[in-house]
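Residue numbers start at 1 and run along the sequence shown.
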Amino acid sequence: QVQLVESGGGLVQPGGSLRLSCAASGSIFRIDAMGWYRQVPGKERELVARIISGDATNYANSVKGRFTIFRDNAKNTVDLQMNSLKPEDTCVYYCYAVVWSGATSSTVRAYWGQGTQVTVSS
C-alpha cells in the first residue's frame, strides 16, 4: 500500500500565495507521475498540474503562469506553488501519484491523497 499525505491548504486573500506539499510513502518501487487535481462540489475532478518521469510538466490553462509544480524524486514528494490566487481557485486539491510497487507493470496503481481545502477570499 501507498499513502499520500498532503499539507499546506488554507485561507488566503486574492492575489496571495500558498504552497501545497504531498509526500508519498509505503510500498514504492518507483513513481512515474505525481501531480495535483482539484474538485469543486458537483463537478468533475480536473487536472491542475502534473510532472512525469523526465520532469515533463503539464498545467491546466487556467493556472499557467501562476502555479508551479516541483518534484523531489529522492524524497517522493511533490509541491505546488500557487501564486496570484483567484477566488475561482477555491476548491479541494488532491495529490495523486502513479506508483510501481514492484518491478512488473502488474504492480502499477494510481493513488490519491485525502484532499486539502484551498479558499481564496477577502
K.L.:
Please examine the side chains of I31 and N76, heavy atoms only from C-beta on, and report whether any two atoms are closer than 4.5 Å.
P.N.:
yes
K.L.:
So, taking the atom named OG in S25 and the one named NZ in K75, what distance separates them when rounded to the nearest 0.5 Å?
P.N.:
14.5 Å
K.L.:
Please report the interatomic distance CH2(W36) to CD1(I69), rounded to the nearest 0.5 Å.
P.N.:
8.5 Å
K.L.:
Would R38 and Y94 count as a cation-pi pair here, with the cationic atom under 6.0 angstrom from the ring centre and within 45° of the axis?
P.N.:
no
K.L.:
Flag the pair V48 / Y93 as yes when at least one side-chain heavy-atom distance between them is below 4.5 Å, and no otherwise.
P.N.:
yes
K.L.:
Apply side chain to side chain contact (heavy atoms under 4.5 Å, CB included) to Q81 and S17, showing your working.
P.N.:
CA-CA 7 Å; Q81 177 65 43; S17 298; 3.9 Å; yes
K.L.:
Would you call the rings of Y37 and Y96 parallel, tilted or perpendicular if under 30° counts as parallel and over 60° as perpendicular?
P.N.:
perpendicular
K.L.:
Mind checking the CG-CD spacing from L80 to E6? Nearest 0.5 Å is all I need.
P.N.:
11.0 Å
K.L.:
Within the structure provided, determine whether Y111 and C95 are in side-chain contact (heavy-atom separation under 4.5 Å).
P.N.:
no
K.L.:
Atom CZ in F70, atom CZ in R19: separation rounded to 0.5 Å?
P.N.:
5.0 Å
K.L.:
For T104 and S106, does a side-chain donor sit closer than 3.5 Å to a side-chain acceptor?
P.N.:
yes
K.L.:
Is a side-chain donor or acceptor of T119 paired with a backbone partner of T90 at a separation under 3.5 angstrom?
P.N.:
no
K.L.:
Taking the side chain as every heavy atom from C-beta outward, state whether V118 and L18 have any pair of such atoms under 4.5 Å apart.
P.N.:
yes
K.L.:
Think R45 forms a cation-pi with W112, using NZ or CZ under 6.0 Å from the six-ring centre and within 45 degrees of its axis?
P.N.:
yes
K.L.:
The criterion is side-chain hydrogen bond (donor to acceptor under 3.5 Å, both in side chains); which residues satisfy it with S21, sequence neighbours excluded?
P.N.:
D79
K.L.:
Against the six-membered ring of Y59, is R50 placed for a cation-pi contact (under 6.0 Å from the centre, within 45° of the normal)?
P.N.:
no
K.L.:
Quick one: pull up CG in D89 and CE in M82 and give me the separation to the nearest 0.5 Å.
P.N.:
7.5 Å
K.L.:
With rounding to the nearest 0.5 Å, note down the distance linking CD in E46 to OG in S62.
P.N.:
5.5 Å
